[in-house]
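Read the numbers this way: they start at 1 and go in the same order the structure lists the ligands and their atoms. Keep in mind that the numbers below use all heavy atoms, side chains included, and drop hydrogens, waters and symmetry copies. Note that the numbering runs from 1 along the sequence shown for the chain.
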Amino acid sequence: MGQNLIFTDDIMATIGQIEAQGGHRLTVWIADENTASLVPATHVITIPAGDDSKTLHTVTGIWDAMERLGVTRRSLVVNLGGGMVTDLGGFAAATFKRGVRFVNVPTTLLGAVDAAVGGKTGFNYNGLKNEIGAFAPASDVILSTRFFDSLPLTEMKSGFAEVLKHAMLSSREEFLRLLNHDFTAPIDHKDLMERLRRAVQVKVDIVARDPKEQGEREALNLGHTVGHALESLSMKRGKSVPHGYAVAWGLVAEAVLSHLKFRFPSEDVHRLGAFVRDNYPGFPFTCDDYDDLLELMRHDKKSRNGEITCTLLSEVGAYRIGQAVSSDDMTAALDILRDHLGL
Ligand code: GLY
């Protein structure tokens, strides 16, 4: 699943090179209402923004527009936006006339570090997230930090949680460096590009070894068994939390479990806990929510035989996928998570 990663702020020149090298005579961009004006493209298919629009209906709208614009297998599709646009646009391109080449240009840190890379495409179906889709990698992913200046801070922090996750899977040096990050300082683009480059490489390396998530790719779900449960419960209760906030809280809970089961160093749990307490406020759960959270975790895509399953660490960089976790251990981890967050 080769993907060409291009780190540059010069998006239009890079697309021009891809068009010239590939001999593409028609390029069609897919963007949402927020990203359509970010670059001066000629043929733009604009879709509604937000996860609620990540539907088959929006996909058919894209196919209809592609028909009208005369897209062929020799055309090029460019997806410009966050994870919703790259997932959905990627699926539409990969299936139109059995596959049109597409390039992802993520405009959020969360999209850049996760969704745009690794070939997962699809849409929500019957109330289930990403229920229908295909592994279909973009031929190229253009990674630029220039879009991040206009991102709300919560959106930056949300993406940063995934950057932190990738450091926890790979490098203690990078993990400690990230824990010194100051969100109140202006964006240092050079430094952020380097952090992004390292984080994306972690994903690329894992995906290269296990493109279709038969094993090792599950490591990328670190923090997500707990994180997804918190995110789902917050949605059900109509008080949605940003994905990355839920992941940050999930990373702490799963670091605690890693300590309980594999002696993951307590000093690293404490450092992580302090960083998350200081930067990811608003944890809206109490011990009355535990039963619902555990039930959600048992129904997680990663769950095996109804057991709660997590990726855990014996130390930063040493991951163990598919670890069954008992309800008692998970309850203890949720208690300790709330302690770390000062609740
Ligand atoms: N978001 C995790 C993965 O792409 O496998």
Fill in: Within-shell test, Lys203 vs ligand 1, heavy atom, strictly < 4.0 Å
yes
Discussion item. Given 3.5 Å as the limit, does a donor-acceptor pair link the side chain of Gln3 with the main chain of Val141, or not?
Written reply: no
Item to complete: Give the residue, atom name and distance (to 0.1 Å) of the protein heavy atom nearest atom 3 (C) of ligand 1.
Response: Lys120 NZ, 3.3 Å
Worksheet item: For Lys165 and ligand 1, does the shortest N/O to N/O distance drop below 3.5 Å?
Response: no
Discussion item. Can you classify the ring geometry of Trp249 versus Phe285 as parallel (below 30°), tilted (30 to 60°) or perpendicular (above 60°)?
Written reply: perpendicular
Response to the item:
Residue, atom and distance of the protein heavy atom nearest atom 1 (N) of ligand 1 read Asp114 OD1, 3.0 Å
Discussion item. If you apply the rule ring-ring contact (aromatic ring centres under 6.0 Å, His included), what do you find for His224 with His243, and how did you get there?
Written reply: CA-CA 10 Å; His224 283 65; His243 174 71; 5.3 Å; yes
Item to complete: Do me a favour and list the nearest non-hydrogen protein atom to atom 5 (O) of ligand 1 with residue, atom name and distance?
Response: Arg217 NE, 2.7 Å
Discussion item. If the threshold is 4.0 Å, N to carboxylate O, is there a salt bridge linking Asp191 and Arg195?
Written reply: yes
Practice prompt. Please state whether the rings of Phe160 and Phe275 are parallel, tilted or perpendicular, taking 30° and 60° as the class boundaries.
Written response: tilted
